[in-house]
Trainee: 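A single structure is presented below for examination.
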Amino acid sequence: MRDLYADIDYVLLSTEQIRSRTAEMAEELAQAYQDSEEVMFLCVLKGGYVFMSDLSRACKFPHTIEFMAVSSYGDATHSSGAVQILLDLQKDISNRDVLIIEDIVDTGLTLSYMRDNLLARQPKSLRICSLLSKPSRHKVDVPIDFLGFEVPDEFVVGYGLDFAQIYRNFPFIAVLKPEVFGG
Ligand code: 5GP
């Protein structure tokens, strides 16, 4: 089998940078939710699963874990703009403090759609926590309450983020060599 690491052009965010920022974010969350009894972490699949797992383990306050899957890029590197819920949340969120956990905000279309959809279910509060954001690509204004890192307009992989469903396992965020996208 081929070595996936041979496809890396460069590492944008190292494992240590992500670990240390995640610990800081856990502190920010603890502060923000100090008056809450319990928070519902709502992980956006698939990309959010690694961040969710590490963030959750860095948090010492009570929280539950739920999942939602929405359509994103398919196998290409550009968004179609259309958003579809593939797996919906089964739990009632009325009167709950809900925190959406996302891997990356690119155009913001996915989160904007999810936000409106979830707000209609009348949670007590709804906040957004994203590991990455590409500010230069935002098309709609979504309030990111907790953000790990701003990144340049590069297609990134690793730490849950894929290209053609692979590379999610990299324990860092990387940019792939241009030839990987070629064929
Ligand atoms: P948006 O709706 O904000 O344009 O896109 C959100 C989704 O697109 C993310 O949850 C992610 O799945 C995908 N996406 C956006 N930018 C990137 C990127 O640089 N790399 C990868 N792997 N996925 C991305």
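In listed order, ligands and their atoms are each counted from 1. We count residues from 1, following the sequence as given.
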Trainee: From atom 2 (O) of ligand 1, work out which of T110, L176, D106 has a heavy atom at the shortest distance.
Mentor: T110
Trainee: Non-hydrogen atoms of F163 versus ligand 1: any pair closer than 4.0 Å?
Mentor: no
Trainee: How many angstroms lie between atom CG of L147 and atom CD1 of I104, to the nearest 0.5 angstrom?
Mentor: 10.0 Å
Trainee: Please determine which of L55, L42, D145 meets the side-chain contact (heavy atoms from CB on, under 4.5 Å) test together with C129.
Mentor: L55
Trainee: Any N or O on V157 sitting closer than 3.5 Å to an N or O of ligand 1?
Mentor: no
Trainee: Where is the tightest heavy-atom contact between D103 and G47, given as atom of each residue plus distance?
Mentor: OD2-CA, 3.2 Å
Trainee: So Y159 and F51, would you call those rings parallel, tilted or perpendicular, with 30° and 60° as cut-offs?
Mentor: tilted
Trainee: Using a distance-only test with no angle check, is there a side-chain donor-acceptor pair under 3.5 angstrom linking T22 and D54?
Mentor: no
Trainee: Answer side chain, backbone, both or neither: which part of K134 comes under 4.0 Å from ligand 1, heavy atoms only.
Mentor: side chain
Trainee: According to the interplanar angle, ranging from 0 to 90°, do the rings of Y5 and F170 count as parallel (below 30°), tilted (30 to 60°) or perpendicular (above 60°)?
Mentor: perpendicular
Trainee: Would you check whether E154 reaches within less than 4.0 Å of ligand 1, judged by its heavy atoms?
Mentor: yes
Trainee: Could you say whether the N/O atoms of G108 and ligand 1 ever approach to under 3.5 Å?
Mentor: yes
Trainee: Out of L131, V142, I104, L132, indicate the one that has the non-hydrogen atom closest to atom 24 (C) of ligand 1.
Mentor: I104
Trainee: Answer side chain, backbone, both or neither: which part of L111 comes under 4.0 Å from ligand 1, heavy atoms only.
Mentor: neither
Trainee: Closer than 4.0 Å to some heavy atom of D162 - which atoms of ligand 1 meet that?
Mentor: 21 (C), 22 (N)
Trainee: For the ring pair F67 and Y49, is the centre-to-centre distance below 6.0 Å?
Mentor: no
Trainee: For E102, take its heavy atoms, then give the atoms of ligand 1 lying under 4.0 Å from any of them.
Mentor: 10 (O)
